[in-house]
Number of protein chains: 2
Amino acid sequence: MRPLFHPALEDIKPEAILYALSDPERVAIFAKLAGAGGGGTCSALADLGNRVIPKSSLSNHFKVLRESGLIMSERQGVEMRNQTRCTELDERFPGLIRAILTAYGQLPGQPKAN
Amino acid sequence: MRPLFHPALEDIKPEAILYALSDPERVAIFAKLAGAGGGGTCSALADLGNRVIPKSSLSNHFKVLRESGLIMSERQGVEMRNQTRCTELDERFPGLIRAILTAYGQLPGQPKAN
DNA sequence: TCAACAGTTCCGAATTTCGGAACTATGGAA
DNA sequence: TTCCATAGTTCCGAAATTCGGAACTGTTGA
């Protein structure tokens, strides 16, 4: 297993962010992670209610989120702890993440807009 | 040529917006249109400096922008007049478009962030 | 040493994107 | 009218991407 790649803050590309968050499943995962404060594991974040996401797809979702710069993942024992990079991101792209989550109606503790 | 489809405001999906704007070429076109006030034609918006975009790709870009709800297109004589739906969009997804254009450093009259 | 678990990688099938060539619609000129 | 030029769309095959099952890797606990 090669080490996980995380882009440096200044290397994060807006197109990668938008692409990553143009998939509702990934948004749901990311929003859940943003809401859940601490680091959720992959499988804990996987339950989106409506569908069983195959492990490999899930792994790929996390990879896309990670490599776009949206999350940080770190192995801790047998599982993976994930956390958002929201604070950093907001410095680089002010208001972006919040506006996106709001658009999806996924901002923690907010009524669904969609 | 079938008539052009434009989604109603309430049918616009955030995922479609993000997907459409996850392509730098489309962003460049959209930003140019947003900057250029009035309705630019397809070919007028096509010149992004760095690359000759094939007509068919260009047509497809406009289709993606149109069907995601980002722009309105209307035939006027031999050409196509396009305009952004920024005002409507900002009502439905407050701050979203601006945050995205800012992230790309494409907000009219702003230094490049990327 | 082994089994179980969390997640990754591999790889073939299905889907999507890209772009050249042919086509369509409109307006102006002869 | 007919013909031509212009602006854009559609078609369709090739290339690239995505999806997901199966096999694999790394870690912990028995």
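Quick note on labels: first sequence line is chain A, next is B, and so on, each numbered from 1.
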Roughly how far, to the nearest 0.5 Å, is [atom2] of [Y] from [atom1] of [X]?
X	Y	atom1	atom2	value
Asn82(A)	Ile71(A)	CG	CD1	4.5 Å
Glu91(B)	Leu9(B)	CD	CG	6.0 Å
Phe30(B)	Ile97(B)	CZ	CD1	5.0 Å

Checklist entry - side chain to side chain contact (heavy atoms under 4.5 Å, CB included) with Lys63(B): which residues, sequence neighbours excluded? => result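 Lys63(B): side chain to side chain contact (heavy atoms under 4.5 Å, CB included) contacts with Asn60(B), Arg66(B), Glu67(B).
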Checklist entry - What residues form a side chain to side chain contact (heavy atoms under 4.5 Å, CB included) with Glu25(A), not counting sequence neighbours? => result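 Partners of Glu25(A) under the side chain to side chain contact (heavy atoms under 4.5 Å, CB included) test: Asp23(A), Leu48(A), Arg51(A), Ile53(A), His61(A).
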Can you check the [X] [atom1] to [N] [atom2] distance for me, whole Å?
X	N	atom1	atom2	result
Glu74(A)	dG7(C)	CD	P	13 Å
Asn82(A)	dT8(C)	CG	C1'	14 Å
Ile53(B)	dT9(D)	CD1	P	14 Å
Met80(B)	dG8(D)	CE	C1'	7 Å
Glu67(B)	dT9(D)	CD	C1'	12 Å
Leu4(A)	dG7(C)	CG	P	11 Å
Lys55(B)	dA22(C)	NZ	P	13 Å
Glu79(A)	dA4(C)	CD	P	18 Å

Next on the checklist: Check this one for me: any side-chain N or O of Arg66(A) less than 4.0 Å away from OP1 or OP2 of dT8(C)?
Outcome noted: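 For Arg66(A), the contact criterion (side-chain N or O under 4.0 Å from OP1 or OP2 of dT8(C)) is met.
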Checklist entry - Is the phosphate of dT24(C), meaning OP1 or OP2, less than 4.0 Å from a side-chain N or O of Arg75(B)? => result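 Negative; the distance criterion is not met.
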Checklist entry - Between the axis at one end of the helix from dT1(C)-dA30(D) to dA30(C)-dT1(D) and the axis at the other (five pairs apiece), what's the angle to 10 degrees? => result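 Between the axes fitted at each end of the helix from dT1(C)-dA30(D) to dA30(C)-dT1(D) lies an angle of 0°.
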Atom pairs, protein N/O to nucleotides 12-18 of chain C N/O, distance under 3.5 Å:
| from | atom 1 | to | atom 2 | distance (Å) |
| --- | --- | --- | --- | --- |
| dT17(C) | OP1 | Tyr19(B) | OH | 2.2 |

Item to check | Closest to the Ser56(B) side chain, choosing from dT9(C), dT6(D), dT10(D) | outcome: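 Minimum distance to the Ser56(B) side chain belongs to dT10(D).
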Checklist entry - salt bridge (Lys or Arg N to Asp or Glu O under 4.0 Å) with Glu88(B): which residues, sequence neighbours excluded? => result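 Glu88(B) satisfies salt bridge (Lys or Arg N to Asp or Glu O under 4.0 Å) with Arg85(B) once adjacent residues are dropped.
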Checklist entry - What's in the same ILVMFWY side-chain cluster as Tyr19(B), cut-off under 4.5 Å, chained through other members? => result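 Listed partners: Val64(B).
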Checklist entry - Given the rule in the side-chain contact (heavy atoms from CB on, under 4.5 Å) test, do Leu70(B) and Thr84(B) qualify, once you have shown the distances and angles that lead to the verdict? => result CA-CA 6 Å; Leu70(B) 282 161; Thr84(B) 71; over 6 Å; no
Checklist entry - Would a distance-only check, ignoring hydrogens and angles, find a side-chain to backbone donor-acceptor pair under 3.5 Å from Asp90(A) to Gly95(A)? => result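 Yes, the answer is positive, given that a donor and an acceptor are paired below the 3.5 Å cut-off.
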Checklist entry - Hey, does the side-chain of Ser59(A) have a donor or acceptor N/O within less than 3.5 Å of a partner on the base of dG7(C)? => result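 Answer no: no donor N or O sits under 3.5 Å from an acceptor.
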